[in-house]
2 protein chains.
Amino acid sequence: MATTTTPRVSPAHEAQKLFFEIGMDHRGRVGASLAELGLTFSQAHALRLLDPERPLPMSSLAERLFCDASNVTGIADRLEARGLVERRSSAGDRRVKALTLTDDGVALRGRVVVIMSEPPAAIAALSVADQRTLRDVLKRAVEHLRS
Amino acid sequence: MATTTTPRVSPAHEAQKLFFEIGMDHRGRVGASLAELGLTFSQAHALRLLDPERPLPMSSLAERLFCDASNVTGIADRLEARGLVERRSSAGDRRVKALTLTDDGVALRGRVVVIMSEPPAAIAALSVADQRTLRDVLKRAVEHLRS
DNA sequence: CGCAGATACTTGATCAACTCAAGTATCTGC
DNA sequence: GCAGATACTTGAGTTGATCAAGTATCTGCG
């Protein structure tokens, strides 16, 4: 068995290594920015998933965070303790508690969105042409993910 | 103020959104695979940073994990309890304890490397041409990171 | 040489996140 | 109207993370 079969190192594997490196670096930077706001990554992620216009049932949030409902209870506790969100019992189904952003919550969420939307340093440093190329390739990649 | 200035949504920002989505998806998949080996992400990451050929001082590992030394103590404790690594006091400087992989550790590390080197599903699904393009752009991005 | 200060690791306290199992309240359908 | 499902909470237990304090060892200066 000399040649053929999948090469041990495909372009995709090389890309993965770089992807991971950029991701870890970025996670560190984002974490530090969020810490300045007194937020953990999970709290920020949750905050960002809340729509300022519409309450979100805790079970829906759990689904979007890919975690247990009991986990959301804790995260909501801490966000609520800081006055960023409120639990509101659903009118139609009193088992359901939906989270709504307070005014402070809306404001802080805005800052979180900015921080988390900021491209990784490595990507920001690319030429605009490269950025466009990257965006287009990733767009095709994500489409594969959804189908 | 009509035009110019940085657009609210640059190609880099769009790329970041996609990047994040792929990264989160991949993190979930990798986490699940590692859980089957009974490893957490941190443990696997540490294991992967150990060279089967050469002991690594705990302080060096802390540096590479970007975390506190006391954190490494705990991770090493758990890896050692599973017989994957051993603490070996350095001959030259007895303050230093270097971690060495046991035979089991080397074997498990091999599996970890395979899992963590596997490209995200979204990227693996790209055409080879796109994979190459992605790799090349990311390579340029990472170079910016290092300089 | 000998001691002061630096360095490497450990320990203990505290907290966030996460999981699982069990509990409470409420709803839904037979 | 009652049995079972659903939404959330609570409590126990683990991991990871940070900080402060402690122990052992080394290094360099006087």
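Within every chain, numbering begins at 1; the chains are lettered A, B, ... in the order of the sequence lines, protein sequences first and strands thereafter.
Sorted by residue number, the list of members of residues 33-47 of chain B with any non-hydrogen atom under 4.0 Å from DNA chain C is empty.
In this view, Glu21(A) and Arg146(B) satisfy the salt bridge (charged side-chain N to carboxylate O under 4.0 Å, His left out) rule, not counting sequence neighbours. Not a single side-chain hydrogen bond (donor to acceptor under 3.5 Å, both in side chains) links Asn71(A) to another residue, sequence neighbours left out. For Asp136(A), there are no side-chain hydrogen bond (donor to acceptor under 3.5 Å, both in side chains) partners at least two apart in sequence or on another chain.
Other residues sharing the hydrophobic cluster of Leu18(A), ordered by chain and number and joined by side-chain separations under 4.5 Å: Phe19(A), Ile22(A), Ile123(A), Leu126(A), Leu134(A), Val137(A), Leu138(A), Val142(A), Leu18(B), Phe19(B), Ile22(B), Ile123(B), Leu126(B), Leu134(B), Val137(B), Leu138(B), Val142(B). The hydrophobic cluster of Phe66(B) has no other members, since no ILVMFWY side-chain heavy atom comes under 4.5 Å of it.
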Checklist outcome for this item: Given protein heavy atoms under 4.0 Å, the one-letter contact record of nucleotides 3-11 of chain D, with B base, S sugar-phosphate only and - none, is simply --BBSSBB-
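As rounded to whole Å, 9 Å separates atom C1' of dA16(C) from atom CD1 of Ile75(A).
Within the structure, salt bridge (charged side-chain N to carboxylate O under 4.0 Å, His left out) contacts touching residues 100-117 of chain B (residues at least two apart or in different chains) do not occur. Residue pairs meeting the salt bridge (charged side-chain N to carboxylate O under 4.0 Å, His left out) criterion with at least one partner in residues 29-47 of chain A, sequence neighbours excluded, are Asp25(A)-Arg29(A). Judged as a side chain to side chain donor-acceptor pair (under 3.5 Å), not a single pair has a partner in residues 38-54 of chain B (not counting sequence neighbours). Note on residues 57-69 of chain A: pairs passing side chain to side chain donor-acceptor pair (under 3.5 Å), not counting sequence neighbours, are Asp68(A)-Ser70(A).
Taking only side-chain nitrogens and oxygens, Arg94(A) comes nearer than 4.0 Å to OP1 or OP2 of dC27(C).
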Checklist entry - Given the rule that a pair is Watson-Crick or G-U wobble with both distances under 3.5 Å, how would you write DNA chain C in dot-bracket, using | for pairs to a different strand? => result ||||||||||||||||||||||||||||||
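In plain terms, the two heavy atoms of Gln16(A) and Ser117(B) that are nearest each other are CG-O, 3.3 Å.
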